[in-house]
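Below is one structure, written out as structure tokens; comments come after it.
Chain letters run A, B, ... following the sequence lines, proteins first, then strands; residues in each count from 1. Note that the structure is predicted; figures quoted are calculated from it, not measured.
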There are 2 protein chains.
Amino acid sequence: MPQSLDRTDKALLIALQDNARLTNAELADSVALTTSPCWRRVKLLEESGVITGYQAILSPKALGYGVTAFVSVMMESHSRETARAFEQRLLEIPEIIACHNVSGRYDFLLEVLAKDLESFGEFAREVLQTLPAVKEIYSSFSFKSVKPLRQIPVQE
Amino acid sequence: MPQSLDRTDKALLIALQDNARLTNAELADSVALTTSPCWRRVKLLEESGVITGYQAILSPKALGYGVTAFVSVMMESHSRETARAFEQRLLEIPEIIACHNVSGRYDFLLEVLAKDLESFGEFAREVLQTLPAVKEIYSSFSFKSVKPLRQIPVQE
DNA sequence: GGTGAAAGCGAGGACCA
DNA sequence: TGGTCCTCGCTTTCACC
């Protein structure tokens with residue numbers, strides 16, 4: 001699948017990961033190419049699945065979310081059905097902005113946004129605790145995001 | 001700071017969060033506006049800090065990262081200095097793609113990418129364990145990302 | 001808040017080296 | 001692969017409602 005990215009591809013990925021709204025001309029400039037080959041390479045990176053999309057990054061605070069919580073969830077059972085029902089339900093809940101099925105003491109790790117601690121408490125009681133087959137949850141709150149950018153390393 | 005977003009602003013945010021490469025014309029169309037007011041509104045959203053940037057989303061797998069790990073870190077002390085040194089060091093390590101200072105049993109929660117389990121093991125030993133003032137670390141591996149999109153909810 | 005017009009530039013493709 | 005050229009449509013910024 002990774003059809004060996006050369007130096008130029010990597011430079012494109014770095015540039016686009018940093019600013020997805022660069023015009024093709026600016027992008028071409030930044031990697032010392034003309035616009036056509038630049039455009040072709042970007043399309044290839046999209047088609048081959050290296051670039052999976054483009055997102056505007058929004059400020060949770062500006063949208064009224066003062067609390068970020070990490071919620072570890074332990075399930076009552078580990079059957080296929082239990083996991084499926086749980087996962088499907090998760091997808092419908094916008095406050096849960098990320099979820100991983102993980103190894104270790106707990107089964108899922110969720111990242112949850114809430115207006116404030118009080119509304120998180122309510123959310124935990126009314127929504128999280130009532131998700132299918134939940135045995136136990138453990139919440140940890142973010143005091144501060146030390147590395148907010150989430151850039152996937154593109155070496156060299 | 002949130003200068004009360006109206007229905008149209010929210011529609012713009014939803015559209016851009018979904019696809020940051022929409023042209024201004026497409027964007028205007030999707031919210032039933034002409035291009036000028038649409039462009040003005042987007043600029044305002046950027047200047048007021050609601051939109052903090054635009055990112056190409058890359059596939060970790062396509063870039064050779066087969067393992068995502070969540071690493072909880074407990075510090076030896078909780079002094080200001082300790083935290084600062086730790087955080088500064090973190091920022092230099094690209095494999096750590098996210099880090100939160102959190103409440104609870106552990107002090108920091110890191111999200112780490114690695115090629116495979118073996119290279120994660122090495123990374124944990126050579127890099128993570130040698131970060132300043134680390135007392136204990138606990139690693140949990142992602143089997144699967146159930147919600148990979150990380151979209152901040154924009155209600156209504 | 002909104003519209004419409006105008007100038008210049010970029011997107012996207014055909015084609016060549 | 002990369003470069004040139006070309007056309008259409010879009011971006012961006014007006015002045016104005």
> Tell me, which of residues 12-20 of chain B have any heavy atom that sits under 4.0 Å from an atom in DNA chain C?
Replying inline: none
> Any chain of hydrophobic side-chain contacts (each under 4.5 Å) joining A:Val50 to B:Tyr65?
Replying inline: yes
>> Need one value for A:Asn24: base, sugar-phosphate or nothing, where a base atom within 4.0 Å counts as base even if backbone is also close, heavy atoms only.
In response: sugar-phosphate
> More than 12 non-hydrogen atoms from neighbouring residues, nucleotides or ligands closer than 6.0 Å to CZ on A:Arg150, yes or no?
Replying inline: yes
Write out a two-atom table: protein N or O, nucleotide N or O from nucleotides 2-4 of chain D, distance below 3.5 Å.
residue, atom, partner, partner atom, Å
D:dG2, OP1, A:Arg41, NH1, 2.6
D:dG2, OP2, A:Arg41, NH1, 2.7
D:dG2, N7, A:Arg40, NH2, 2.9
D:dG3, OP2, A:Thr34, N, 3.2
D:dG3, OP2, A:Thr34, OG1, 2.9
D:dT4, O4, A:Ser36, OG, 2.8

For [X] and [N], what is the distance between atoms [atom1] and [atom2] respectively, to the nearest whole Å?
| X | N | atom1 | atom2 | value |
| --- | --- | --- | --- | --- |
| B:Leu27 | D:dT12 | CG | P | 12 Å |
| B:Arg21 | D:dT11 | CZ | P | 11 Å |
| B:Leu44 | D:dT12 | CG | P | 15 Å |

> For the side chain of A:Thr52 and the backbone of B:Ile57, is there at least one donor-acceptor N/O pair under 3.5 Å apart?
Replying inline: yes
> Has the side chain of A:Gln55 got a donor or acceptor atom that lies under 3.5 Å from a matching backbone atom of B:Leu149?
Replying inline: yes
> Looking at B:Glu111 and B:Thr68, what are the two nearest heavy atoms and their distance?
Replying inline: OE2-CG2, 3.8 Å
> Do the rings of B:Phe120 and B:Phe141 sit parallel, tilted or perpendicular, given the 30° and 60° boundaries?
Replying inline: perpendicular
>> Return the CD to NZ distance between A:Glu47 and A:Lys43, rounded to the nearest 0.5 Å.
In response: 8.0 Å
> Quick one: hydrophobic cluster around A:Phe143, which other residues, with the 4.5 Å side-chain cut-off, linked directly or via members?
Replying inline: none
> So, is A:Trp39 close to the C:dG12 phosphate, meaning a side-chain N or O under 4.0 Å from OP1 or OP2?
Replying inline: yes
